[in-house]
J.: 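One structure, pasted below without further comment.
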Amino acid sequence: MGEPASERAGVPGSERAVYISMDEKYFAKKIEQKWQKKWADSRAFEASMESNKPKFYQLEMLPYPSGNLHMGHVRNYSAGDVVAWYKRLKGFNVLHPIGWDSFGQPAEDAAIKRGVNPREWTEANIDTMQGQLQRLGISYDWSRQMAAHRPDYYKFDQWFFLKMFEMGLAYKKKTQVNWCETDQATLSNEQASGGLCWRCGNPVTKKDLEQWFLKTTSYTDQLLDDMAAIEAGWPQNVIKRQRDWIGRSEGAFVDFKISMPTGQLDKAAAGAPNTVRIFTTRIDTIYGANAIVVSAEHPVVTSRHASLPADVNAKIAEIVAESLKPRDREEEVEKDGIDTGLKAINPFSGEALPVWVGNYVMMDYGTGAVMSVPAHDERDWEFAKKFHLPIRQVISEPHMEHEHHTMQALALDHAFTDHGVLVHSDYWNGKKSETAKKEMTEYAQKHGFGEVATTYRLRDWGISRQRFWGSPIPIVYCDNCGIVPEKYENLPVQLPDSIEITGTGESPLARVSEFVNTACPNCDGPARRETDTMDTFVDSSWYYYRYTDPQNADAAVDPAAAAYWTPVDQYIGGDDHAVMHLIYARFWTKVMRDLGIVKFDEPFKRLLTQGMVVGETFFDDSTGKRKYFMPADVKVERDEKGKIISATASDGTPLKHSIERMSKSKGNGVDPDEMVEIYGADASRIFVMFAAPIENELVWNEAGIEGAVRFLQRVWRQVYRWRDALSAHADRTTPSAQSGDHPPFSKEGSQAARDLRRKTHQTIKRIDESLETLQFNTPVAALMELSNAIGDLEADPATATEDEVFAVREAIESLALMLAPFAPHAAEEIYSVVTGSDDGMVANEARFPEFNPDLAKSDEIEIPVQVNGKLRSRLMASPDASNEHLTEMALADEKVTQYTDGKQIVKTIVVPGRLVNIVVR
RNA sequence: GCACGCGUGGCCAAAACGGCAAAGGCGCCGGUCUUAGAAACCGGAUAUUGAAGGUUCGAAUCCUUCCGCGUGUACCA
């Protein structure tokens with residue numbers, strides 16, 4: 001690559017007879033610095049509620065301040081800025097804020113590894129990244145920045161927690177966490193992957209810990225049903241994933257009575273349940289049940305521990321122990337279980353079924369017990385095969401309706417899980433599954449051993465983290481009063497300024513006595529604080545409300561500010577947050593609605609999920625752990641398609657390669673700062689938007705970025721070439737590319753000028769439509785085409801006709817305005833030259849150019865003529881020529897008659913304005 | 001396994017409702033300039049739209065099957 005533009009920056013432009021002087025060459029850095037300063041000085045992007053324009057809230061997902069921006073951020077924020085600029089130019093009062101998800105583990109890890117202060121580390125990172133974003137020229141309202149780790153923000157995490165505590169939405173419960181005995185630390189699932197502690201390498205166990213939960217499940221139906229209101233504005237796959245995640249499943253509960261095997265007394269503890277309730281979605285298969293299978297933790301077995309045979313108890317203990325081991329997601333667990341000796345009576349058939357403990361039944365879903373119907377459920381099939389349990393088919397193919405229902409069906413070689421017709425099912429023989437489900441549930445209900453039931457996959461949200469760098473949970477434990485919420489006036493419960501974080505032990509806060517020891521808010525006696533902190537998803541559940549009222553010390557947000565700006569009109573972010581963050585944020589909004597803070601159900605009207613930015617990685621995993629190599633240190637062989645054949649390290653070690661999410665540690669990261677330094681912010685942003693559709697994965701390939709630079713340079717050159725001719729017309733009071741202010745072309749007006757105006761207006765239409773539908777790559781292509789069209793006009797600026805100058809002016813001014821969302825600095829500069837005002841588009845209330853259909857229309861169009869679908873000729877016709885006229889012209893055409901002579905014309909198809917097709921035989 | 005999505009020149013990609021000879025960029029080739037190269041500029045070539053069937057006057061677009069790739073998810077009863 002050649003001499004970087006930046007090194008040439010700073011050359012002063014020569015004074016010319018134009019209102020705004022212009023360098024002959026495009027100096028990215030000079031222009032970018034100029035406009036970044038102007039925008040900051042004029043507070044161009046600071047939003048205010050004092051406006052008579054309609055509001056538009058453009059939001060991008062809250063970044064974690066890791067220290068450096070990566071290309072995924074650049075992609076996300078460039079896209080957001082396209083929307084923000086577009087809406088601004090469309091006359092909206094735009095709110096476009098940014099902030100920091102600044103609580104979380106990396107800061108704590110840095111503290112452990114390098115002994116730095118997490119607060120200082122975090123603040124320094126925020127500084128760095130803010131600078132990077134500013135150099136990219138993203139049009140944020142910096143005055144509204146929030147950062148989760150600052151007490152003025154997390155105060156309200158705590159406020160919300162207390163409110164939820166009052167509402168019964170926050171509660172404490174014992175649950176299992178990954179636990180490293182050696183380090184005495186809880187671990188997230190990722191940190192415990194493979195069953196080994198990521199820090200010390202010792203096996204991880206599970207441990208029961210008291211944890212705080214937020215009752216997301218009390219909003220399950222709303223979370224599910226309210227999606228109907230936002231469905232149109234959200235990607236289908238996100239909607240689907242949320243539905244799956246919530247996992248509503250409709251079926252029935254059925255109670256089975258427990259009896260001990262013949263000859264044995266029931267030695268169960270007093271109060272041991274004598275029924276087992278199962279959940280099933282297929283009650284129609286109940287005559288095929290061969291066993292009841294319960295989870296190892298099910299009360300029906302735990303309460304009978306004393307009476308169960310020793311080998312049964314041993315096996316149950318083994319299953320429990322096995323289930324406590326963390327395992328890889330991919331690993332398939334073999335079915336295991338044991339017959340407890342208990343019997344359960346099928347309330348439909350009266351049959352006594354064995355009660356098994358099975359490792360595939362989960363205690364925390366449904367009732368922790370299932371009826372095993374091997375003929376019609378794959379898991380039960382597998383279980384029955386392994387333990388040689390009987391398999392009885394009770395559902396037959398649908399066409400068997402009214403046939404011989406009692407006949408033994410064909411021997412099955414796999415579970416038949418479809419709906420069908422009941423057989424071997426007594427009274428219900430011959431009925432369809434759907435009918436039987438309904439009737440059997442009603443029957444169970446009527447006879448008191450069952451009911452209609454709906455279960456969900458969604459669990460409550462565990463927010464406790466045994467960590468330092470998070471928002472303290474505002475709860476106090478008092479020997480006299482028990483669990484006591486902190487008083488509102490005592491918020492925020494502040495993190496201690498500096499503590500030693502070693503990475504071992506329980507929550508680091510537990511060792512800070514000034515923090516732990518406190519007075520009970522209730523009785524003022526000695527008490528201890530909760531030392532767990534909140535999940536950082538808490539912070540990101542409501543930050544977008546804080547932006548609307550960021551300085552408020554008394555409330556999370558003023559309802560009036562929230563009412564003005566929210567809900568968010570357009571949200572843009574990574575696909576990876578499709579489920580968790582977006583469910584939590586939706587939940588939080590519903591809680592805020594119930595608190596009367598907002599009046600709507602859903603926080604994000606429209607959502608766009610962008611694809612990841614990925615790059616090639618090279619690594620050696622022969623040691624079991626991946627060691628990454630920088631691409632510069634790798635010798636790569638490629639085939640003619642560019643696919644990698646082999647890669648070797650400089651010392652000759654053969655390396656594996658892959659395409660992975662960009663990151664510094666993997667050596668495939670691109671530093672946005674470096675890119676901005678070399679190519680400029682505008683070119684970088686254009687390239688990132690142009691390279692691939694926003695929702696696709698973007699495989700990083702830097703080669704293309706020079707095309708973006710060339711495009712900007714070409715536009716610049718065109719503006720420079722025409723600057724004198726344009727400036728002579730730059731004295732209008734209202735700068736505008738609107739078309740109505742120029743009379744229609746005189747008959748003598750050149751065809752070239754007419755063509756350019758047509759291209760301009762066609763481009764306006766295209767770009768407008770693309771931006772409305774959130775396509776960012778095609779508008780860039782359209783701008784390139786428009787710029788090519790300007791270049792195609794051969795007229796000399798000095799001698800051009802008035803029509804031609806007007807057409808060029810309209811094209812360039814439109815181009816500048818439409819370029820603003822992608823390359824705002826260059827666009828502002830060009831706009832200044834064209835309009836003679838150096839105050840910027842915002843101050844000038846610049847508007848997106850308006851499309852004029854009359855100008856976009858060609859006066860004559862070419863109509864292809866096909867014979868039997870094959871192109872044979874073309875006609876020139878007016879765009880509104882009648883079908884009859886076109887048909888006549890086509891049939892008279894010589895090239896057409898060659899193919900139609902002597903044949904019978906079967907029919908003629910005319911697509912108005914498009915083509916004529918003559919079908920002959 | 002299940003669900004969803006995608007296959008268009010060497011590469012990234014565009015083409016309302018099925019309707020012209022399938023955009024744009026990168027790369028490539030040639031030219032101008034230059035001692036030469038690079039950059040820049042100008043010009044040019046390059047596609048039976050993954051495969052096979054089907055529907056239709058007409059298919060990149062709709063349907064079926066297959067092949068390849070990607071994403072999500074998994075004992076959820």
Side-chain angles (χ1 to χ4, degrees), chain A residues 1-3 25 235-238 240-241 244-245 247-249 251 278-282 285 293 329-330 332-335 358-362 364-373 376-380 382-383 455-459 575-576 578-579 611-612 639-643 659 686-687 690-693 695-708 710-711 713-714 717 766 769-770 773 775 777-788 791 861-871 874-875 906-921:
Chain A
M1 90 205 48
E3 187 191 16
K25 285 197 166 176
Q236 270 314 297
N237 71 330
V238 175
K240 185 181 176 297
R241 275 154 69 187
D244 289 351
W245 186 263
R248 177 155 61 194
S249 158
I278 60 105
F279 174 71
T280 180
T281 54
R282 292 298 303 273
T285 66
V293 185
R329 297 177 131 235
E330 292 306 306
E332 202 159 309
V333 181
E334 204 188 328
K335 298 253 176 322
N359 66 343
Y360 70 102
V361 179
M362 296 180 302
D364 51 1
Y365 180 79
T367 59
V370 301
M371 63 178 191
S372 172
V373 185
H376 306 292
D377 181 286
E378 279 163 23
R379 294 152 301 183
D380 296 338
E382 217 181 292
F383 192 68
T455 62
Y456 300 91
R457 208 186 96 104
L458 184 76
R459 309 278 153 71
D575 196 32
D576 37 344
V579 179
M612 283 196 298
D639 66 13
E640 66 278 1
K641 286 192 173 185
K643 293 240 161 67
I659 289 184
I686 285 181
F687 175 63
F690 180 57
E695 64 275 8
N696 283 18
E697 187 174 80
L698 170 57
V699 181
W700 190 253
N701 173 8
E702 202 151 318
I705 194 173
E706 290 181 35
R710 275 205 283 270
F711 163 63
Q713 286 172 339
R714 187 166 64 235
R717 217 166 30 243
R766 254 177 89 183
E769 285 170 354
S770 298
T773 56
Q775 287 172 279
N777 52 335
T778 48
V780 178
L783 288 171
M784 288 173 172
E785 285 182 47
L786 179 57
S787 136
N788 288 343
I861 53 171
E862 205 179 46
I863 303 278
V865 181
Q866 301 177 333
V867 178
N868 284 349
K870 287 211 173 78
L871 182 77
R874 317 173 151 273
L875 306 168
V906 182
K907 66 171 160 176
T908 335
I909 294 130
V910 183
V911 183
R914 287 226 110 121
L915 62 56
V916 177
N917 186 14
I918 298 159
V919 185
V920 296
R921 195 160 45 204

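Proteins get letters first, then strands, A, B, ... in listed order; numbering begins at 1 in each.
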J.: Can a side chain N or O of A/T367 be found less than 4.0 Å away from OP1 or OP2 on B/A77?
T.: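 So the side chain of A/T367 is outside the cut-off, no N or O lying under 4.0 Å from OP1 or OP2 of B/A77.
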
J.: At under 4.0 Å, does any side-chain N or O of A/R241 touch on OP1 or OP2 of B/U73?
T.: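 No.
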
J.: Treat a base pair as Watson-Crick or G-U wobble with both distances under 3.5 Å, then lay out RNA chain B in dot-bracket form, 5' to 3', with | for cross-strand pairs.
T.: (((((((..(((......[....))).(((((.......))))).....(((((..]....))))))))))))....

J.: Describe the nucleic acid contact of A/G366 in one word from base, sugar-phosphate, nothing, applying a heavy-atom distance below 4.0 Å.
T.: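 Counting heavy atoms under 4.0 Å across all strands, no contact is made by A/G366.
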
J.: For nucleotides 16-18 of chain B, print each protein N/O atom paired with a nucleotide N/O atom at under 3.5 Å, atom names and distance only.
T.:
from: B/C17; atom 1: N4; to: A/R914; atom 2: NH1; distance (Å): 2.8

J.: Applying ring-ring contact (aromatic ring centres under 6.0 Å, His included), can you list everything that pairs with A/Y360, at least two apart in sequence or on another chain?
T.: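 By the ring-ring contact (aromatic ring centres under 6.0 Å, His included) rule, A/Y360 matches A/F383.
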
J.: Identify the pairs formed between an N or O of the protein and an N or O of nucleotides 27-32 of chain B at a distance under 3.5 Å, and give each distance.
T.:
from: B/G27; atom 1: OP2; to: A/R710; atom 2: NH2; distance (Å): 3.0

J.: So which protein N/O to nucleotides 3-8 of chain B N/O distances come out below 3.5 Å?
T.:
from: B/A3; atom 1: O2'; to: A/K240; atom 2: NZ; distance (Å): 3.0

J.: Does B/A23 have OP1 or OP2 sitting under 4.0 Å from an N or O in the side chain of A/N788?
T.: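 No.
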
J.: Using a 4.0 Å heavy-atom cut-off, does A/Q775 contact any base of the nucleic acid, only the sugar-phosphate backbone, or nothing at all?
T.: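 The residue A/Q775 makes sugar-phosphate contact but no base contact.
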
J.: Could you check A/R717 against A/I863 and say which one's nearest nucleotide on RNA chain B is further toward the 5' end?
T.: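 Counting from the 5' end, the first nearest nucleotide belongs to A/I863.
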
J.: Which atoms of nucleotides 55-58 of chain B (N or O only) lie under 3.5 Å from a protein N or O atom, and what are those distances?
T.:
from: B/C57; atom 1: O2; to: A/N917; atom 2: ND2; distance (Å): 2.2

J.: So, does A/D575 use its side chain to make a donor-acceptor pair with the main chain of A/E695 at under 3.5 Å?
T.: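 Side chain of A/D575 to backbone of A/E695, a donor-acceptor pair under 3.5 Å: no, none is there.
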
J.: Just call it for A/D380: base, sugar-phosphate, or nothing, with non-hydrogen atoms closer than 4.0 Å on any strand.
T.: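 Nothing: the residue A/D380, judged by heavy atoms under 4.0 Å, touches no strand.
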
J.: A/Y365 side chain N/O closer than 4.0 Å to the phosphate oxygens (OP1, OP2) of B/A77?
T.: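 It does, given that an N or O in the side chain of A/Y365 lies less than 4.0 Å from OP1 or OP2 of B/A77.
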
